[in-house]
Visitor: 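Have a look at this one before I ask anything.
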Amino acid sequence: MSADVITRRRHELPPTAGLPLRLSDLRPGPAALATIIATQIETPPLIPTCSGSAALMIALATLAARNPQRRRVVVPAWTCPLVALAIHQVGLDVVPCDVRPAHFDLDPGALRRVCDERTLAVVPTHLGGRIADVDDAVAAAHAVGVAVIEDAAQALSARYHHASVGMTGDIGFFSLAAGKGLSIYEGGLLLARDPQLRSQLARTARELAQPDRYWEWRRRLELLGYFALYRPSGLRLAYGNPLRRALRRGDPVAAVGDDFSLPLPLHAVGRWRQAVGAHAAVRLPDFLRACLKRAQHYLPRLKAIPGVRVLEDPPGTIGTWPFFLLVLDSQRRRDAVLDRLWRSGLGVSRLFIHALPDYDYLQGIVPAADVPNARNIAACSLTIGNSPWLTDADMDAICKVLEETRA
Ligand SMILES: *Cc1c(COP(=O)(O)O)cnc(C)c1O
């Protein structure tokens, strides 16, 4: 089955739903990206940054300057490794906190055990458009004077209590990296409800993120490459073939693009890329609505498969749907499914390969920790891209494999 899926397909589906760029997006224009998004998602002014990680570094540097005696940052033990690198790069200590069983969200008990007077911030994380319990993080954090930074890198436009994600915590940030919905190849947006904190963040951003001709030229060219290749015919070259090569050499971390190194670039975002993002952003609300409709169409079928848990959102929240995040009832079954689907071109993949303490390249950055739930979700989860090119036949092929594979 897997062999004929692979050889029959000429097209490659992406692992997440990115908004495809149009030629007309590449025309010059006002650098209005942050303004347009702030209007769309109904937030105070947003600060453009060169990445989500850069937004996090600017947030942490700002908080650390106000609270120099607090050096620890609590993060879910299953999250993007860039989060750990960003914390380390600004000279703070990563504290991995275990997640709830079969979920990515901070475990309430574990969170309370790690939050104390040495803690600067906690980072509840909205993964894959799914909503984290920010109220609980705020309750645990504010009780001991800790700030809450919502990592909404994968959740631009998601809503929590009738407002954008990022508005319940003290600070929030979004990523505009390739494959995270709206993209200017690498970029981010930083959000703070409080005007005084917001102007401090803007000041830190100006100090830390200066214009840099090398990085901006590099990102411009990469954005042109993204424009050219982010379509089913180009994704094979840009995404599928490198993925399959990495899997053949037994390197799943490289296969999902989880392999990062320090230092992370920190520079201002040029006008042209912000103009390109502004042009494309006009189509974002419709694009996200279509993703939601597709998700609603496919969720009942996925949820009916025994032993497969599909993560959804709590009441009072509206997530976005770049992909489906599934937790299977065993690692053996998850691995058996991926054996048949990961290389198939159907957009099935994994999110983060390891719990943070288990990445080789994070040794010395993330301390060893007993985080069984994080290890379990890393071992039992997989993702299904919810791109505009996903068809009923594709989803049918994916569901058949999920149904046929047993724990
Ligand atoms: C991608 C990502 C980041 C970092 O964003 P970049 O724009 O890639 O630097 C942070 N947190 C999460 C959960 C992410 O997925």
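Just so we're clear, the structure is a prediction, and the values are computed from it rather than from any experiment. Atoms within a ligand are numbered from 1 in the order they appear, just like the ligands themselves.
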Visitor: Under 6.0 Å from the six-membered ring centre of Phe104 and within 45° of its axis: does the NZ or CZ of Arg100 meet both?
Guide: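 Here Arg100 fails the 6.0 Å and 45° test against Phe104.
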Visitor: Side-chain contact test, heavy atoms from C-beta onward, threshold under 4.5 Å: evaluate it for Val276 versus Tyr185 and give yes or no.
Guide: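 No, every pair of side-chain atoms sits at 4.5 Å or beyond.
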Visitor: Is the charged tip of Arg130 near the ring of Trp321: under 6.0 Å from the six-membered ring centre and within 45° of its axis?
Guide: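 Yes, Arg130 lies over the aromatic ring of Trp321.
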Visitor: Would you tabulate the polar-atom pairs, meaning N/O of ligand 1 against N/O of the protein, with distances under 3.5 Å, reported to 0.1 Å?
Guide:
from	atom 1	to	atom 2	distance (Å)
ligand 1	7 (O)	Gly52	N	2.7
ligand 1	7 (O)	Ser175	OG	2.6
ligand 1	9 (O)	Gly52	N	3.3
ligand 1	9 (O)	Ser53	N	2.9
ligand 1	9 (O)	Ser53	OG	2.5
ligand 1	11 (N)	Asp151	OD1	3.3
ligand 1	11 (N)	Asp151	OD2	2.6
ligand 1	15 (O)	Gln154	NE2	2.7
ligand 1	15 (O)	Lys180	NZ	2.8

Visitor: Applying ring pair (Phe, Tyr, Trp, His ring centres under 6.0 Å) as the test, list every pair that has at least one member in residues 68-95; sequence neighbours left out.
Guide: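 Listed once each, the pairs are Trp78-Phe352.
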Visitor: What pairs with Asp329 under side chain to side chain donor-acceptor pair (under 3.5 Å), at least two apart in sequence or on another chain?
Guide: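 Result, side chain to side chain donor-acceptor pair (under 3.5 Å) vs Asp329: Arg333.
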Visitor: Under 3.5 Å, which donor-acceptor pairs link side chains of residues 146-153 to any protein atom two or more places apart or in another chain?
Guide:
from	atom 1	to	atom 2	distance (Å)
Glu150	OE1	His126	NE2	2.8
Glu150	OE1	Gly166	N	2.7
Glu150	OE2	Gly166	N	3.2
Glu150	OE2	Thr168	N	3.1
Glu150	OE2	Gly169	N	2.7
Asp151	OD1	Ala153	N	2.9

